[in-house]
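As structure tokens, the structure follows; a few thoughts come after it.
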Amino acid sequence: MLIFVFDHIFDLSTGRGPNPVVRIEAVLGLALNLPYYAFGRTNRWPRAQAYVRMVVDIVMITIGLGSAGGLDAAGFLAVYTIVPLYCGLVFSSSACVVATVLSTGCYIALVSMQHAGWLPRPAVAPTGNAGMAAFNLLIVNVVGVLTAVLSEAYRRSRQRQVTLNRELERANDQAQLLNAEIQRAAQLRVLGEVVAGVTHELANVLTVASGHLGLARKKVESLPDVSRNLDHVEESFDGAMRIIRNTLQTARQPAAGPALVSVPEMARRVVELKAYDFRRDAITVHVDFPGQFPQVRCLPFQLQQVLLNLVTNAQHALREVEPPREIHIVGLVSANNVIVEVSDTGPGIPPQTLPRVFEPFYTTKRNGTGLGLSISAGIIRDLGGEITAENRGGRGASFRIRLPAARAEAPAH
Ligand code: ADP
């Protein structure tokens, strides 16, 4: 369109008013945006689409140059530079090379065919230095703007990459720490099993030895000295058996049972665990608990699992809306219960979905399992509480957990 206007003002080549071919091409070029847009929205063969646009542009420029005199239009050749430049900008560096080679080939072919008389070569009046200079200045400006856009896009993508790398390194460090802890726990477990096995075998051997000792004692009852010595041996046996029994008891101790858990602390830990995801998705989390919040009695990982499920669902929902994206984890105390509300500013739960969210395998996500909420509901039910879901009047979804507060004097396990 710029060239259209320019040709109109400066009478680029013919000396007889605006070039009709350039005018038709300008209008055609503009109209072509419609099918380009329609195809672009299908997302099919994006590379082929980009190459078609590139070829069409180069062919149109070549036809324009042909109508402006072919070899006599050599002064306008810089117009070709726009195509490789925007190809490099929005497409790829190889497309940029292809566009350059194709432009060169098309122009040489045009001039050769006009020279051989296969194509008409319009007689043009010399444009004059001012017209030529103005045209080339226009191209220099277009190319300058495109280059600026290109370098800005490059700078931004570099910045994004640096930030992402930093996040990745942090995530990697955390993963390594976790991995080390898992390995340590696995080693301890194996060690515990080995100790239990060895101790068990020792106990068997000592039991047999103790039996033989009893028999021997009966036979030497008439020899007081030997009997006294055997008494000492028996005491030592008892000592050894006591040690073995203790070791076995410790090794076979079941995993830690229910404990008094601080809900605010657990909520903050869960937010910490998801910190990377929240930062990446521009989600702000507000954790708000009153100062004296009663503890609850449960296996710590159970509460962690439930809160993790709720905030992860909120995170997924928030991805569907524009920022600001917020999650609120709020604690309330009501009689002998604690209430924890996890709400978000996402799209909310559609009315037909709401009654089904706690059903096992019910999911509306492409890669969802539909198990998060049903497992959470099971855990909360087992702890003597309940979990409910509601919409916050068009301002996102809210999940409410009620759990019995642990009595203050209850001793921790
Ligand atoms: P899934 O693995 O699919 O997330 P869930 O049991 O966690 O399974 O959730 C079941 C469904 O409940 C989800 O697929 C989603 O439709 C809905 N849901 C859960 N949390 C939210 C929320 N915060 N906002 C909107 N919809 C939600």
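Just so you know, ligand 1 is whichever comes first in the structure, and atom 1 is the first atom listed for that ligand.
- Nearest protein heavy-atom contact of atom 27 (C) of ligand 1 is I349 CG1, 4.0 Å.
- In the model, T104 has no side-chain atom that pairs as donor or acceptor with a side-chain atom of Y80 under 3.5 Å.
- Protein heavy atom in closest approach to atom 4 (O) of ligand 1: K365 NZ, 2.5 Å.
- The ligand atoms of ligand 1 that sit less than 4.0 angstrom from a heavy atom of A397 are 22 (C), 23 (N), 24 (N).
- Of all protein heavy atoms, the one lying nearest to atom 1 (P) of ligand 1 is G370 N, 3.6 Å.
- The closest side-chain heavy-atom distance from N391 to L354 is below 4.5 Å.
- Between D277 and R280 there is a salt bridge, with a side-chain nitrogen of the basic residue lying less than 4.0 Å from a carboxylate oxygen of the acidic one.
- For R155 and E152, the salt-bridge test passes: some basic side-chain N is under 4.0 Å from an acidic carboxylate O.
- Ligand 1 has at least one atom lying under 4.0 Å from a heavy atom of G348.
- Classified by interplanar angle (parallel below 30°, tilted 30° to 60°, perpendicular above 60°), the ring pair F91/Y51 is perpendicular.
- Ligand 1 has at least one atom lying under 4.0 Å from a heavy atom of D344.
- Among residue pairs with one or both ends in residues 340-365, those qualifying as salt bridge (charged side-chain N to carboxylate O under 4.0 Å, His left out) are E341-R400, R356-E359; sequence neighbours excluded.
- Shown here is H286, whose NE2 atom has more than 12 heavy atoms of other residues, nucleotides or ligands within 6.0 Å.
- If you look at F358 next to ligand 1, there are no close heavy atoms at all, none under 4.0 Å.
- In terms of protein heavy atoms, atom 10 (C) of ligand 1 is closest to Y362 O, 3.3 Å.
- Less than 4.0 angstrom separates some heavy atom of T364 from each of these atoms of ligand 1: 13 (C), 14 (O), 15 (C), 16 (O).
- For ligand 1, the atoms sitting less than 4.0 Å from at least one non-hydrogen atom of V357 are 6 (O), 10 (C), 12 (O), 17 (C), numbered in the order shown with element in parentheses.
- For the pair E167 and R170, the salt-bridge criterion is met [side-chain N within less than 4.0 Å of a carboxylate O].
- Proximity annotation for atom 20 (N) of ligand 1: of N313, L310, N391, N313 comes nearest, heavy atoms only.
- Crowding of F39 atom CZ: a count of heavy atoms from other residues, nucleotides or ligands under 6.0 Å not exceeding 12.
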Check: residues 203-214 side-chain donor-acceptor pairs under 3.5 Å, at least two apart:
| unit_1 | atom_1 | unit_2 | atom_2 | d |
| --- | --- | --- | --- | --- |
| T207 | OG1 | A203 | O | 2.6 |

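- With hydrogens left out, the protein atom closest to atom 24 (N) of ligand 1 is A317 CB, 3.4 Å, a heavy atom.
- For ligand 1, the atoms closer than 4.0 angstrom to any heavy atom of G368 are 2 (O), 3 (O).
- With ligand atoms numbered from 1 in the order given, ligand 1 contributes 1 (P), 3 (O), 14 (O) to contacts under 4.0 Å with heavy atoms of T363.
- Taking every heavy atom of L373 and a limit of under 4.0 angstrom, the matching atoms of ligand 1 come to 5 (P), 6 (O), 7 (O), 9 (O), 12 (O), 19 (C).
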